[in-house]
Amino acid sequence: EGGLTVICLVHSALVLGLLQSGAVGARRLRGGRSERRASLLPSAPHRQRGDTTTTESFALDFTAVEDNMDSFMTQVKNLAQSLYPCSAQKLDNDMKLHFLENMSVTCNDGTPAGYYLKESRGSRRWLIFLEGGWYCFNKENCDSRYETMRRLMSSSKWPQTKTGTGILSPLPEDNPHWWNANMVFIPYCSSDVWSGATPKTDQNDYAFMGSLIIKEVVKNLLSKGLDNGKILLLAGSSAGGTGVLLNVDAVSELLEELGHPNIQVRGLSDSGWFLDNKQYLCTDCVDTISCAPTEAIKRGIKYWGGVVPERCRLAHEGSEWNCFFGYRVYPTIRRPVFVVQWLFDEAQLTVDNIHLMGQPVQEGQWRYIQNLGIELRNTLKDVPAMFAPACLSHEVITRNYWIDIQVKGTSLPRALHCWERSLHDNSKNSKAPPKGCPMHLIDNCPWPHCNPTCPTIRDQVTGQEMNVIQFLMHMGFDVQKMAQQQGMDPSKLLGMLSSGS
C-alpha cells in the first residue's frame, strides 16, 4: 500500500509540471479520471454521468516550497487524489473528530459536543451538515431516549473518524459538485431540533444547546481555514433539515459580527419541511412518534429553552412554535435556501399515524396520503429552489443513491448546481435563471412512488424488492377502481404506473 501511495505521489509531482501550462489541461485530466472511476462502478439505471464533468478547480501555490514543505506535500496529496484511481487505496478521505474548544457547550448529558472535519485546503467552499434524529420533549421520553439512543444525547462513544457519503463524499463520481469542499459533520446530541440554548444544571437533568453548538463549531472552524472561506453551505436532514431553517440566518449574522461579512451563507434543508396538519388518527401526546407535531413542538420549545429566528419570532409572537414548520419560517429567512422534500415523507406520515407497511391501506388512509402530497405541493409552490419527488421515503442528501433520483429528468446534484449558478449570476445583477438549468422541480404524479427513479422499496416480511405496481397493491391500491375514477382502461393505468407517467 505504501508503494502505491509513493507511485501516486511521483505521478502527481510529474503532473505538477504539466499543470503550469494552464488550468484547462488540469480540468481535462480530472474529467478523464472521473470517467475512468465511474466505469468501474456497478451501473445504476439513472446515474447521470454527465454530472461528474463539472468540478471545482483548486488553486495550487508553487511559491516558497522550500519554506513550507508540509503545505506543498498536502497539495501534492490533494492532486494525487484528484487525478489518479490508485489514490483510492486510501489517501485518508475520512472526517476526523474534534471536540469544541468551549467545553461549556455540551450534549444532553453534559459530555462535550463536537464535529467531524475533512479539510480541503485548496478550496474556499465549506459544507456544514447537521445530523437528524427526532427529538424528546419531556423528562420521561428524554430518559427513554437516553437508554435506547444514547449516541444522540452523548458524545461518550463517538468514533474518532467518520466516512462522508452522498453530498459529504470526497469522490466526484458520488458527489459531482461538492466533492472537493471542506466537509464538516456535526453529530446531533442535543435532541432539540438544533434550537436549544439551555445548559445542564442541578435543576435541569439535560442540556439542550443545539443552536449554541452550531455557533461554536463555526467559531472553531475560523482558525481552520473558514476565515478565508467564500461559500458556507449549511445543510441538514430531518431534524437537521429543520435546524437549517432555524439557524441559517444566525450563522450568517455571527460571521458578520466576527468580521467575515464576505462569506456567503446558504442553506440546504433535506426532509425538514414538516406540516402542522391534523393527524389521520388523533392520539394522546405520550411519546415522540404518536404525538401530533404541533403539540410536541409546543412542549419541546418550553423544555429546551428553544430559540427561533428573530424575524420569525416577531411574526409569531406568543406562538413561536410556528417557526419549526417550513412554510411558516421560510418567508422570514433572508439567506438563500434550497429545499429537498419527499412529497410522501415517512416521518410526516408516522407522526400523522399512517403506518403503511403492516397491512393494506384503507380508503380513508389512501385519500389522506394523496392529500398530504397535495398539501406539500401547495406549501412549496412559491419556493424558487426546491426538489420534491413523489416518493415514500425520508432523508436523501447523504444517501449513496442521492445522485440517481430525478424529477422531470433532472438529478438533485444538477438542480443544486443550477441553484448555485443562479446565485452567482444574481451577484452579477443577472436576474434571469440559467437557461436549461432548472432548480424548481416538483413531481406532478399523485401517488407514492409514481416516479420511476424513487429509491427501492422492500417488502418488510420477505425483504424482496417491490416495483411500483407491487408496492401500490401491497398498500391496498385498487387498480380497477382507480382506473374507473380516472375514466381510463385499467391496463392503460397499469402501463402509466410502470413508466412513472
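Please read all numbers here as calculations on a predicted model, not as lab measurements. Residue indices begin at 1 and follow the sequence shown. Worth knowing before you read on, the calculation uses all heavy atoms, side chains too, and leaves out hydrogens, waters and symmetry mates.
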Could you check whether any side-chain heavy atom of Leu275 comes within less than 4.5 Å of a side-chain heavy atom of Gln348, counting everything from C-beta outward?
yes
Trp402 side chain near Thr165 side chain, heavy-atom distance below 4.5 Å:
no
Which atom names give the shortest non-hydrogen contact between Trp158 and Gly114, and what distance separates them?
CZ3-N, 3.7 Å
What's the verdict on salt bridge (Lys or Arg N to Asp or Glu O under 4.0 Å) for Glu253 and Arg311, showing C-alpha distance, side-chain angles and the deciding distance?
CA-CA 13 Å; Glu253 287 154 14; Arg311 279 161 58 87; over 6 Å; no
So how far is it from Leu127 CG to Ile397 CD1, rounded to the nearest 0.5 Å?
7.5 Å
When every non-hydrogen atom of Ala239 is compared with those of Val193, the smallest separation belongs to O-CG1, 3.7 Å
Derivation and outcome, side chain to side chain contact (heavy atoms under 4.5 Å, CB included), residues Ser190 and Met209
CA-CA 6 Å; Ser190 56; Met209 308 185 84; 5.6 Å; no
Return yes if a side-chain donor-acceptor contact under 3.5 Å exists between Ser154 and Asp109, otherwise no.
yes
Check: residues 383-395 side-chain donor-acceptor pairs under 3.5 Å, at least two apart:
from: His394; atom 1: ND1; to: Asp345; atom 2: OD1; distance (Å): 3.1
from: His394; atom 1: ND1; to: Asp345; atom 2: OD2; distance (Å): 2.9
from: His394; atom 1: NE2; to: Ser238; atom 2: OG; distance (Å): 2.8

Using a 4.5 Å cut-off on heavy atoms from C-beta on, say whether the side chain of Trp194 contacts that of Ile186.
yes
Side-chain touch Phe344/Ile369, heavy atoms, less than 4.5 angstrom
yes
Less than 6.0 Å separating the ring centroids of Phe185 and Phe129?
yes
Determine, for Tyr146 and Arg150, whether the Lys NZ or Arg CZ falls below 6.0 Å from the six-membered ring centre while staying within 45 degrees of the axis.
yes
Under 4.5 Å between any side-chain heavy atoms of Cys142 and Tyr303, yes or no?
yes
Determine whether a donor-acceptor pair (N or O, by modelled atom type, separation under 3.5 Å) exists between the side chain of Ser237 and the backbone of Gly240.
no
State the CZ-CG distance between Arg124 and Asp227, to the nearest 0.5 angstrom.
10.0 Å
Whether Asn175 side chain and Ser169 backbone form a donor-acceptor pair below 3.5 Å:
yes
Is any side-chain heavy atom of Leu412 closer than 4.5 Å to a side-chain heavy atom of Val340?
yes
Is the backbone N or O of Pro112 less than 3.5 Å from a side-chain atom of Ser155, with the two atoms forming a donor-acceptor pair by type?
yes
So does Ile442 get a backbone contact from the side chain of Lys408, meaning a donor-acceptor N/O pair under 3.5 Å?
yes
Is a donor on one side and an acceptor on the other found under 3.5 Å between the side chain of Arg421 and the backbone of Leu416?
no
Would Trp273 and Tyr330 count as a close aromatic pair, with their ring centres under 6.0 Å?
yes
Audit row: Leu117, Lys224, side chain to side chain contact (heavy atoms under 4.5 Å, CB included) steps and yes/no:
CA-CA 10 Å; Leu117 167 65; Lys224 298 185 184 299; 3.5 Å; yes
How close do Leu233 and Gly267 get, heavy atom to heavy atom, and via which atoms?
CD1-C, 3.9 Å
Looking only at atom types and distance, does a side-chain atom of Asn322 sit under 3.5 Å from a main-chain N or O of Ser319, one as donor and one as acceptor?
yes
From Tyr188 OH over to Asn108 CG, what is the distance, rounded to the nearest 0.5 angstrom?
8.0 Å
May I ask you to check whether Ser252 and Asp249 show a side-chain donor-acceptor distance below 3.5 Å?
no
Salt bridge (Lys or Arg N to Asp or Glu O under 4.0 Å) between Asp276 and Arg328: does it pass, once the steps are laid out?
CA-CA 10 Å; Asp276 52 344; Arg328 292 234 169 89; 2.6 Å; yes
Enclosure of Met149 CE (heavy-atom neighbours >12, cutoff 6.0 Å)
yes
Could you check Val184, Leu226, Leu234 and say which one makes a side-chain contact (heavy atoms from CB on, under 4.5 Å) with Val218?
Leu226
Restricting to non-hydrogen atoms, name the atom on Lys215 and the atom on Ala250 that form the minimum distance, rounded to 0.1 Å.
CE-CB, 4.2 Å
When rounded to the nearest 0.5 angstrom, what distance separates CG in Leu232 from NE2 in His260?
12.0 Å
Is the backbone of Gly241 close enough, under 3.5 Å, to the side chain of Ser269 for a donor and an acceptor to pair up by distance?
yes
Please evaluate residues Lys96 and Gln160 with respect to the criterion side chain to side chain contact (heavy atoms under 4.5 Å, CB included), reporting the C-alpha separation (whole Å), side-chain torsions for both, the decisive distance (0.1 Å), and the verdict.
CA-CA 6 Å; Lys96 292 181 174 57; Gln160 288 301 305; over 6 Å; no
State, to 0.1 Å, how close Asn102 and Glu216 come at their nearest heavy-atom pair, and which atoms those are.
CB-OE1, 3.3 Å
I need the minimum non-hydrogen distance between Pro309 and Leu246, along with the two atoms involved.
CG-O, 3.4 Å
Decide, yes or no, whether a salt bridge links Glu131 with Arg151 under the criterion of side-chain N to carboxylate O below 4.0 Å.
yes
Tell me yes or no: between the side chains of Tyr327 and Asn378, is some donor less than 3.5 Å from an acceptor?
no
Using atom types as modelled and distance alone, determine if a side-chain donor or acceptor of Thr350 lies under 3.5 Å from a backbone N or O of Glu346.
yes
Between Ser191 and Arg145, do the side chains contain an N or O donor and an N or O acceptor separated by less than 3.5 Å?
yes
For the pair Phe274 and Val351, evaluate side chain to side chain contact (heavy atoms under 4.5 Å, CB included) and give the outcome as yes or no after the intermediate values.
CA-CA 10 Å; Phe274 293 105; Val351 295; 5.7 Å; no
Cationic tip of Arg125 within the cone over Trp178's six-membered ring, i.e. under 6.0 Å and within 45° of the normal?
yes
To the nearest 0.5 Å, tell me how far Thr198 OG1 sits from Leu212 CG.
8.5 Å
Could you check whether any side-chain N or O of Ser422 sits under 3.5 Å from a backbone N or O of Trp419, counting only pairs where one atom can act as donor and the other as acceptor?
yes
Heavy-atom check, side chain of Pro261 versus side chain of Leu255, under 4.5 Å:
no
In Å, rounded to the nearest 0.5 Å, how long is the span from CG of Leu221 to NE2 of His98?
8.5 Å
Using distance alone, with no hydrogens and no angle criterion, decide if Ser120 and Asn180 have a side-chain donor and acceptor under 3.5 Å apart.
yes
I'd like to check Trp342 versus Pro455 (side-chain heavy atoms, cut-off strictly below 4.5 Å). Are they in contact?
yes
Using the six-membered ring wherever Trp is involved, compare the ring planes of Tyr135 and Trp304 and label them parallel, tilted or perpendicular (cut-offs 30° and 60°).
perpendicular
Hey, does the side chain of Asn182 reach the backbone of Glu119 with a donor-acceptor pair shorter than 3.5 angstrom?
no
Pairs involving residues 258-271, ordered by first then second residue, that meet salt bridge (charged side-chain N to carboxylate O under 4.0 Å, His left out) (sequence neighbours left out)
Arg266-Glu420
